[in-house]
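Below is one structure, written out as structure tokens, with a few remarks after it.
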Amino acid sequence: MIPPRLAYEKQTADSAESIAIIDFETTGLSPGEGARATEIAAIIFRNGHIERRYQSLMNAGVYVPAFITDLTGITNEMVRRAPSAARVMQEVADFVGDLPLVAHNASFARKFWDSELALIGRKRQQEFACSMLVARRVYPTAPNHKLGTLATFANLPNTGKAHRAQADVEMTAHLLCHMEVTLAQRFQIQYLSHALLRVLQRAKVSDIQPCIKKLLAR
DNA sequence: TGCCAGGCCCTCTTTAGGGCCTT
């Protein structure tokens with residue numbers, strides 16, 4: 001069961017912005033190699049709350065390899081019965097509008113987002129921020145920065161089956177909340193905005209890691 | 001010829017190579 005509300009609710013919401021967090025399940029690693037999306041989930045996230053959700057399997061008319069079914073649980077039959085990729089992408093693009101986007105490993109999500117949008121004649125207008133790149137800086141001592149590992153490392157709530165879009169996108173939301181709390185405690189950061197995520201993900205790790213370690217040692 | 005994702009990051013770097021992360 002996916003919790004309806006996150007556990008990091010803040011008291012002040014005046015300056016909070018809305019962001020859209022997205023996650024794809026796909027048939028492979030690159031649309032350039034013919035991979036297509038099989039599922040997408042998106043949430044509108046504001047001030048520690050999930051305000052709106054969108055999730056759908058999608059039928060792009062492609063075969064789902066067995067190893068993808070093993071990984072995600074998404075079968076060819078599930079995809080065959082799903083609405084068309086074009087319809088789903090129209091819906092989800094309308095759902096997120098021009099809100100800034102976040103994904104775990106944004107470079108992966110961005111290339112599928114752009115590729116699937118291009119197939120319906122639409123173009124992304126907003127920037128992505130990457131929770132994985134930020135997590136590398138906030139949690140330099142984590143064993144690795146896979147979403148599942150970070151969930152265990154940061155003791156995040158269970159959101160359902162990993163490698164399904166809805167569970168992964170909600171886990172990303174929990175991760176953002178946890179990073180915001182960590183940064184707020186250590187750096188007097190008031191609010192983890194999309195702009196700040198973009199700054200942090202590009203900060204030199206060699207600069208920020210000693211800073212975080214020093215602050216954690218206090 | 002040989003390889004085949006690709007963007008980002010680190011370092012034994014920058015005239016490069018290798019690892020991480022996503023499905």
Side-chain angles (χ1 to χ4, degrees), chain A residues 20-43 55-76 78-79 82 85 88-89 92 101-119 124 126-154 156 159-176 179 194 197-213:
Chain A
I21 309 173
I22 69 166
D23 187 77
F24 277 107
E25 305 306 318
T26 72
T27 60
L29 292 175
S30 175
E33 295 287 301
R36 293 293 304 273
T38 57
E39 184 180 42
I40 189 167
I43 60 179
Q55 178 276 331
S56 183
L57 291 161
M58 66 178 90
N59 184 357
V62 294
Y63 179 76
V64 180
F67 79 93
I68 291 292
T69 298
D70 291 342
L71 178 69
T72 67
I74 296 171
T75 66
N76 279 289
M78 291 164 66
V79 168
V88 171
M89 289 306 300
V92 72
L101 293 164
V102 173
H104 199 71
N105 196 1
S107 66
F108 176 84
R110 183 176 58 225
K111 63 187 179 183
F112 277 95
W113 182 259
D114 289 351
S115 174
E116 295 291 345
L117 281 189
L119 291 172
R124 173 172 55 91
Q126 64 273 66
E127 295 290 345
F128 271 89
C130 180
S131 58
M132 182 192 75
L133 293 178
V134 178
R136 284 179 178 171
R137 288 150 176 80
V138 177
Y139 307 119
T141 61
N144 60 57
H145 298 87
K146 297 176 183 177
L147 186 58
T149 302
L150 290 168
T152 301
F153 180 79
L156 303 179
T159 58
K161 185 187 182 307
H163 298 298
R164 285 300 300 266
Q166 187 71 44
D168 284 359
V169 80
E170 302 221 12
M171 188 62 76
T172 303
H174 282 295
L175 176 61
L176 286 181
M179 291 196 296
H194 191 268
L197 286 169
R198 296 266 300 168
V199 169
L200 288 172
Q201 75 180 29
R202 288 177 293 190
K204 282 185 69 69
V205 171
S206 56
D207 291 339
I208 200 168
Q209 283 188 349
C211 183
I212 291 175
K213 286 179 181 177

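Quick note: numbers below take in every heavy atom, side chains included, and nothing from hydrogens, waters or symmetry partners. So you know, we letter chains A, B, ... as the sequences are listed, proteins then strands, and number each from 1.
Rounded to whole Å, the distance from CD on Glu127(A) to P on dC8(B) is 11 Å. His145(A) places its NE2 atom 18 Å from the P atom of dC8(B), with the value rounded to the nearest Å. The interatomic distance linking Arg164(A) (CZ) with dT23(B) (C1') rounds to 13 Å, in whole Å. Following rounding to the nearest Å, Phe128(A) (CZ) and dC8(B) (P) show an atom-to-atom distance of 13 Å. Rounded to whole angstrom, the span from the CG atom of Asn105(A) across to the C1' atom of dG7(B) amounts to 8 Å. Distance, Leu29(A) CG to dC8(B) P: 17 Å, rounded to whole Å. What separates CD of Glu39(A) from C1' of dT23(B) is a distance of 12 Å, to the nearest Å. One can place CE of Met58(A) at 14 Å from P of dT23(B), the figure rounded to the nearest angstrom.
Using atom P as the reference point in both dT15(B) and dT1(B), the two lie 29 Å apart (nearest Å). Using atom P as the reference point in both dG18(B) and dC3(B), the two lie 14 Å apart (nearest Å). Look at the C1' atom in both dT23(B) and dG6(B): the space between them is 13 Å, to the nearest Å. Separating the P atom of dG2(B) from that of dG7(B) is a span of 26 Å, rounded to the nearest Å. A gap of 14 Å separates the P atoms of dC12(B) and dG19(B), to the nearest Å.
Listed by chain and residue number, Arg164(A) satisfy the salt bridge (charged side-chain N to carboxylate O under 4.0 Å, His left out) test with Glu39(A) (two or more places apart in sequence, or in another chain). Every side chain to side chain contact (heavy atoms under 4.5 Å, CB included) that Leu119(A) has, sequence neighbours left out, goes to Arg36(A), Glu116(A). In terms of the side chain to side chain contact (heavy atoms under 4.5 Å, CB included) criterion, Ala118(A) has no residue partners (sequence neighbours excluded). With sequence neighbours excluded, the residues satisfying side chain to side chain contact (heavy atoms under 4.5 Å, CB included) with Arg124(A) are Leu101(A), Arg110(A), Trp113(A), Asp114(A), Leu117(A), Gln126(A), Glu127(A), Phe128(A).
In terms of phosphate contacts, Arg202(A) brings no side-chain nitrogen or oxygen within less than 4.0 Å of OP1 or OP2 of dC9(B).
Side-chain proximity of Glu33(A) to dT23(B), dA5(B), dC21(B): nearest is dA5(B). Checked against dC8(B), dC21(B), dT23(B), the side chain of Leu133(A) finds its nearest nucleotide in dC8(B). Minimum atom distance to the side chain of Ile68(A) is reached by dT23(B), of the listed dT22(B), dT23(B), dC21(B). The His163(A) side chain lies nearest to dT23(B) when the options are dA5(B), dT22(B), dT23(B).
Contact check for Leu176(A) versus Ser131(A): side-chain heavy atoms found under the 4.5 Å cut-off.
Between Phe112(A) and Phe24(A), the angle of the ring planes lies from 30° to 60°, which puts this pair in the tilted group.
Taking every heavy atom of residues 107-115 of chain A and every atom of DNA chain B, pairs under 4.0 Å involve Ser107(A), Phe108(A), Arg110(A), Lys111(A), by number.
In terms of position on DNA chain B, the residue among Phe24(A) and Gln201(A) whose nearest nucleotide sits closer to the 5' end is Gln201(A).
Counting non-hydrogen atoms under 4.0 angstrom, Gly32(A) reaches nothing in the nucleic acid. Backbone-only contact: Asp168(A) has heavy atoms under 4.0 Å from sugar-phosphate atoms and none from a base.
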Throw together a table of side-chain donor-acceptor distances under 3.5 angstrom for residues 59-68 of chain A, partners on residues two or more places apart or in other chains.
unit_1	atom_1	unit_2	atom_2	d
Asn59(A)	OD1	Gly61(A)	N	2.8
Asn59(A)	ND2	Arg80(A)	O	3.4

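Residue-environment remark: NZ (Lys146(A)) stays at or below the threshold of 12 foreign heavy atoms within 6.0 Å.
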